[in-house]
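Nothing here was measured: the structure is a model prediction, and the numbers come from that model. Ligands are counted one by one from 1 in listed order, and the atoms in each one are counted from 1 as well.
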Amino acid sequence: MDSNDDFSPAWLAYKPIANRTLREAWAHRLEVLTLPPFGLYSPLARAEQELKEALPSLLGVEVKRGRGIASKGLSLELTGGAPESFSLRCFPDGIRLKAADELGLLYGSFRLLAWIAQGREPEGLDLAEAPRLGLRMLDHWDNLDGSVERGYAGKSLFFRDGRVLPPGSRLRAYARLLASVGINAVALNNVNVRDPETRLITPLYLPRLAKLAELFRSYGIRLYLSANFAAPVTLGELDTADPLDPRVAAWWEERARIVWEAIPDFGGFVVKADSEHRPGPFTYGRDHAEGANLLAKAVAPYGGTIFWRCFVYNCLQDWRDRSTDRARAAYDHFHGLDGRFLPNVRLQIKNGPMDFQPREPVSPLFGSMPSTGQVLELQATQEYTGQQRHLCFLPEQWKSYLDFPVATGPDGDLARSVQGIAAVANAGDDPNWTGHDLAQANWYGFGRLAWNPELQPGDIAREWAAQTFGPDPKVVEALASMLLGSWETYESYTAPLGVGWMVNPNHHYGPSPDGYEYDRWGTYHFADRDGVGVDRTRSKGTGFAAQYRPELAALFEDPALCPQELILFFHHLPYGWMLRSGTPLIQSIYDSHFEGASRAAALVEKWKALEASIEGKIYSAVLKRLEEQKENAALWRDVINTYFFRKSGVADARGRLIHR
Ligand code: GCW
């Protein structure tokens, strides 16, 4: 087998439906397929292809093409309605899928197949769906040499040894997986755009990128690239990248023309500027509105969008300087610029104010800039959540952000305040795409939540499990019980109560309580013999809490009201501090670490109980990862507990083993 063909079908496994009555109930409604005329590489052609491949495998039927208006069988119809939306209904002799556009028909076809694969009955099928968010995007941090920054699943799907890969069968499978959960945008390269990747926007690479765009287009997915703000200088064409210099503006306009000539539906650029040594407008004494608008103006004639990242902070801090707080940085840099960005700029804001820690408060920027388009950035790749060696089902974490009331009133949740969601992708060229087979659930879950932020993580977990492993309720429930709660398990054996950052520097795997404590990244927890945590109050701390709207600021400001899971993010507290649960802070650190590590150990046993139901290769691969998780969680428990025991001198009230 060509290594290009060695990949898992993931949740598009289309396993045969074992229940005969159910199979027949579907089959007699699906044997004839009628659809409107379509072009060769159109979404509708993809829909037909998917149905014709999937239905025989799920139901054992051969699908025949019907003619004209069908009264029986599966009919796909173009009618009115919102873009990308669809309705699906079951009739005694058929299924009717209606949509306003071809993409709606493609999404509806995938939903129908998911419905069948999940073991549901046709009689209940009556859906009308439209995506809640227009932009549902994956950002890859892939480099041209094939490496992936913070990638835990092999090499890049798009690049190898300085080349753009041709659109082979793996990439087609990738596009199908994306479309099946409604993802409609992909940024291919790392936001850290170095010299080689700066050249992606030149004729050296554009023809190859255009081939990828053609494949993705047929699945409703637009291509984006990360751009280097200093590109005119890096490419040796100008001696400045000053956003107010007319030569620079002209350069970007010409560049946009070249890019859109090669890829007419190109989406636009993601930009990391003035962040972690990347160039940006600050070099020229300009602000981020001036920087973003330079690019936005150049891409506007083509309908392009600029995703301007707000991950801007001082990464050369001195730990002795107690006045600077990294958590404040995004708000301090961007809030005052509200109203100054062109309409095709989207500020892309990480979920929290720091950097994808297992738990952070929501970034105070959300909902605080009424005249500026915003996009939420999540991290599916598990940089700080176990690197796809630990099981950590992230839809539960994401849901806590999406539901967060950034504004008052019933529509005040974060999901309603943004124009889209991007996640840093967790897929690479590993045969199972994501390193850990069960991490596919995060990719799937991201797409589902971006489509509909109101979905519940439990339903997402069950849908994913049924589609991936087949609809046997025992297996589905067992998998759901492993996925659900796994984020909180991870959180409970790592850094306590929102304090974050107790990881090994650089690679970020495994415990190192003081790894970042005296470093320059602005990531401190200030543990001493008396207490731990960061005072971010307005009254005596860094003032970060005051960046929130008043009701929230009041909650975070007061340790008696502050959500307990974030208490050390906002407060420096003595070890004897009584949490609302009635447990002293130090004891709760010990308890959560003992419990978290034992829950991680229990995952191994839960998985073992599934041995007979899971394909051997997947079973052993996952078992190996769960065993590593168990061992690493025990290490986390011991390192963190010993650290706090040595600092505080307080023994565990329950007398469990804490190493001296
Ligand atoms: O999480 C940090 C990562 C960097 C990353 C950066 C960012 C792409 O450690 O690897 O760089 O964030 O989001 O820009």
Query raised in the report: For atom 6 (C) of ligand 1, what is the nearest protein heavy atom, given as residue, atom name and distance?
Result: Glu276 OE1, 3.3 Å
**Report entry** Atoms of ligand 1, numbered as shown, that sit under 4.0 Å from any heavy atom of Val191
**Finding:** 8 (C), 14 (O)
Report summary line: In ligand 1, the atoms that come under 4.0 Å of a heavy atom of Asp355 are 1 (O), 2 (C), 12 (O)
Query raised in the report: Heavy-atom distance to atom 12 (O) of ligand 1: which of Arg309, Arg150, Lys350 wins?
Result: Lys350
**Report entry** Trp141: numbered ligand 1 atoms lying under 4.0 Å from its heavy atoms
**Finding:** 5 (C), 7 (C), 8 (C), 13 (O)
Query - Passing candidate, ring-ring contact (aromatic ring centres under 6.0 Å, His included) with His140, options Phe159, Tyr224, Trp443, Tyr174 - result: Tyr174
Query raised in the report: Any ion pair linking Asp355 and Arg326 (charged N to carboxylate O, less than 4.0 Å)?
Result: yes
Query raised in the report: Is the closest N or O pair between Lys272 and ligand 1 shorter than 3.5 Å?
Result: yes
Query raised in the report: Quick one: does Arg328's side chain have a donor or acceptor within less than 3.5 Å of a partner on Thr542's backbone?
Result: yes
Report task. Indicate yes or no: does an N/O atom of Ser275 lie under 3.5 Å from an N/O atom of ligand 1? Result -> no
**Report entry** Asn190 and Glu197: side chain donor to acceptor below 3.5 Å
**Finding:** no
Report summary line: Closest to atom 10 (O) of ligand 1 among protein heavy atoms sits Glu149 OE2, 2.4 Å
Report summary line: among protein heavy atoms, the one nearest atom 8 (C) of ligand 1 is Asn192 ND2, 3.2 Å
**Report entry** Side chain, backbone, both or neither: the part of Asn190 lying under 4.0 Å from ligand 1 by heavy atom
**Finding:** side chain
**Report entry** Close aromatic pair by centroid cut-off 6.0 Å: Tyr490 and Tyr493
**Finding:** yes
Requested in this report: Have a look at His508, Gln357, Glu383 and point out the one with the heavy atom closest to atom 3 (C) of ligand 1.
Outcome: Glu383
Report task. Just say parallel, tilted or perpendicular for the rings of Phe526 and Tyr524, cut-offs at 30° and 60°. Result -> tilted
Report task. Would you please classify the geometry between the Phe282 ring and the His288 ring as parallel, tilted or perpendicular, with 30° and 60° separating the classes? Result -> perpendicular
